[in-house]
Visitor: 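Mind looking over this structure? Questions follow.
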Amino acid sequence: MSDVTQMPDLLPALPEIFLALSAMVLLMVGVFGGNRVSPLVNGMAMGLIAATALFVLPFGAQQGETFNGAFILDGYAYYLKLLILIGSFFAIAMSWAYAKSQAFDKFEYPVLILLATVGMMLMVSANDMIALYLGLELQSFALYVITSINRDSVRSTESGLKYFVLGSLSSGMLLYGMSLVYGFSGQVGFPQIAEHLAHSGASLGLIIGLVFMLAGIAFKISAVPFHMWTPDVYEGAPTPVTAFLAAAPKVAAMGMLIRVVIDAFQPVTSDWQQVIVFVAIASMALGAFAAIGQTNIKRLMAYSSIGHMGYALVGLAAGNEIGVQGVLFYMTAYLAMTLGVFACILAMRRKEGMVEEIDELAGLSRTNPMMAILLAILMWSLAGIPPFIGFFAKWYVFSAAVEAGLYPLAIIGVVLSVVGAYYYLRIIKVMYFDEPKEAFEKMPVELRVVLGLSSVFVIFFWLMPGIFVEGTLAAAGALF
């Protein structure tokens, strides 16, 4: 009698399977239809992401594992997947007008966004090192390609090459760290690694492996000292690609980092906490000071992103449930603010083409008052000025650090937040006090929708905080 191989229960991974198969179908549509079907592929991609979100929603209250525990669906993964899908949906939506005006109507772009989204969803559900690496590389390879997708642009090609070379280096560091962790623990699953650490303690080799893993993941969130790719890639990549890079992948990478340190290495919190504290301070400092002299708004947003990842890491350094809740809330606010700002950047277009210099915003309050006031509000929020959501996000992570006894970290964070406010306020000064330049072309409808939704969330969050506070608390509680 032959043995019968039992098929795994794939229900927890159904959204990822659906989106991956959908991406393959869209690829065939694009291959046979050519670039003339790009608008159709864009629309279908947005519809498929929305349908995937509907697949995710019913599983929010459920938990499950598949592939022998390598893939886990819990409240934590559920919350982050919704954020990732929102970020990907609006990233595709914001590319429509750019595609028409800049000869960017390539059907490969939305297909690669879908594949990157599958990778990001796998990253936050990975429950062992192998699954984590597979999800990370699926996301990374798609991002390498879309960064250099504008083959007629030297800047785009150069930024894609830089991203690929440095990304390969970080992947090597991550793999080396994983091999050390496996070699010294004999386990690849996160729960099994945590159990080994709880019973046997951490050997020197395992701690070194942990440091290499943190270094590899730090590259993905643009944390210092692994940030070097960020300004050049943000500036060189097509602006819709930059908008995508700044949003959903950062949420996924931060979610992956939290999963690794909390699920697998919680018994040695004191060891990884030191690394996180150093990286948080370095990222906040570089983000605060390096952005001051920037003249290109995309490079400024790159350094802003580095700084905001540092603020988010302040919450993670606390190493407890309140800290993780603070990080999740921060990433929610960061996603909303970033999408709104990039909607404004994509609207910086005149007859001769896109402009990226901050000085081009001069006098915007007189040529486009509504765009100016909404961009000013987003800048105030990024600076952490109340009553906008950016203030509450920083309040949560700094409060978590204080509760964990990390007083110096919280104080440094507050001081650097004040320093960083300078370059956000400078943009407001340019818009309201400098002599106006030629007006931008009319903002496309899709950009107005994204900017409007983002601004409403940023401005009026304090009227309905419960759903997000309770949602992040439930997501964080799934890890503890």
Side-chain angles (χ1 to χ4, degrees), residues 8-9 12-13 63-77 80 122-137 170-221 223 226 252-279 313 315-325 327-328 404 406 475-480:
D9 180 8
Q63 294 192 10
E65 295 181 358
T66 187
F67 300 112
N68 291 322
F71 182 98
I72 184 171
L73 179 65
D74 54 12
Y76 176 77
L80 285 172
L122 290 173
M123 285 161 60
V124 298
S125 278
N127 202 34
D128 71 16
M129 294 189 291
I130 298 173
L132 181 147
Y133 187 75
L134 290 174
L136 179 63
E137 288 307 294
S170 74
S171 295
M173 296 173 68
L174 181 64
L175 274 178
Y176 182 62
M178 288 178 175
S179 67
L180 287 176
V181 171
Y182 173 69
F184 284 92
S185 68
Q187 305 291 341
V188 294
F190 294 161
Q192 291 77 22
I193 293 171
E195 186 178 352
H196 171 83
L197 290 171
H199 286 89
S200 305
S203 62
L204 178 61
L206 199 147
I207 294 299
I208 293 174
L210 169 60
V211 172
F212 271 98
M213 285 184 67
L214 293 178
I217 299 174
F219 175 91
K220 303 302 179 183
I221 62 171
F226 306 100
M254 186 62 74
M256 176 180 67
L257 174 59
I258 295 171
R259 175 81 75 182
V260 168
V261 297
I262 299 297
D263 270 4
F265 295 99
Q266 193 172 16
V268 289
T269 297
S270 59
D271 292 300
W272 59 257
Q273 191 178 51
Q274 300 172 42
V275 179
I276 298 297
V277 167
F278 167 77
V279 171
L313 290 174
L316 181 57
N320 54 30
E321 186 175 342
I322 300 300
V324 172
Q325 181 199 7
V327 179
L328 293 176
L406 301 174
L479 297 180
F480 292 87

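All values derive from a computational prediction rather than experimental measurement. Excluded from the calculations below are hydrogen atoms, water molecules and symmetry mates; all remaining heavy atoms, backbone and side chain alike, are included.
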Visitor: Using every non-hydrogen atom in the two residues, find where Gly75 and Ala478 come nearest and quote the distance to one decimal.
Guide: N-CB, 4.0 Å
Visitor: Please round to the nearest 0.5 Å and tell me the distance separating atom OH of Tyr133 and atom CG of Leu175.
Guide: 4.0 Å
Visitor: Run the side-chain contact (heavy atoms from CB on, under 4.5 Å) check on Asp263 and Ile72 step by step: do they pass?
Guide: CA-CA 12 Å; Asp263 270 4; Ile72 184 171; 5.5 Å; no
Visitor: Do you know the tightest heavy-atom contact between Ser125 and Arg259?
Guide: CA-NH2, 4.3 Å
Visitor: Compare all side-chain heavy atoms of His196 with those of Val181 and state whether any distance is below 4.5 angstrom.
Guide: no
Visitor: Which distance, rounded to the nearest 0.5 Å, do you find between the CE of Met129 and the CD1 of Ile193?
Guide: 4.0 Å
Visitor: If you look only at distance, which donor and acceptor atoms sit under 3.5 Å apart when one is on a side chain in residues 315-324 and the other is two or more places apart or in another chain?
Guide:
unit_1: Asn320; atom_1: OD1; unit_2: Ile322; atom_2: N; d: 3.4
unit_1: Asn320; atom_1: OD1; unit_2: Gly323; atom_2: N; d: 2.7

Visitor: Does any part of the side chain of Met178, heavy atoms only, come nearer than 4.5 Å to the side chain of Leu132, both counted from C-beta?
Guide: yes
Visitor: Quick one: does Gln325's side chain get under 4.5 Å of Leu328's, heavy atoms only?
Guide: no
Visitor: Is there a side-chain contact between Gln266 and Phe480 (heavy atoms, below 4.5 Å)?
Guide: yes
Visitor: Ignoring hydrogens and angles, tell me if any N or O in the side chain of Tyr76 forms a donor-acceptor pair with the backbone of Val124 under 3.5 Å.
Guide: no
Visitor: What closest approach, in Å, do Ala194 and Pro267 show between heavy atoms, and which atom pair accounts for it?
Guide: O-CG, 3.4 Å
Visitor: What is the minimum heavy-atom distance between Val188 and Tyr182, and which atoms define it?
Guide: CG1-CD1, 3.5 Å
Visitor: Looking at Ser270, is its backbone amide N or carbonyl O close enough to the side chain of Gln274 to form a donor-acceptor pair, meaning the two atoms are under 3.5 Å apart?
Guide: yes
Visitor: Which atom pair, heavy atoms only, marks the closest approach of Ser171 to Glu137?
Guide: OG-OE2, 2.8 Å
Visitor: To the nearest 0.5 angstrom, please state how far the CD1 atom of Ile221 sits from the CG atom of Leu313.
Guide: 4.5 Å
Visitor: Output the distance between atom OG1 (Thr66) and atom CG (Leu73), rounded to the nearest 0.5 Å.
Guide: 10.5 Å
Visitor: What pairs of donor and acceptor atoms, side-chain ones from residues 201-220 against any protein atom, are under 3.5 angstrom apart with sequence neighbours left out?
Guide:
unit_1: Ser203; atom_1: OG; unit_2: Leu206; atom_2: N; d: 3.4
unit_1: Lys220; atom_1: NZ; unit_2: Ser140; atom_2: OG; d: 3.2

Visitor: Keeping Asn127 on the side-chain end and Gly69 on the backbone end, is there a donor-acceptor pair under 3.5 Å?
Guide: yes
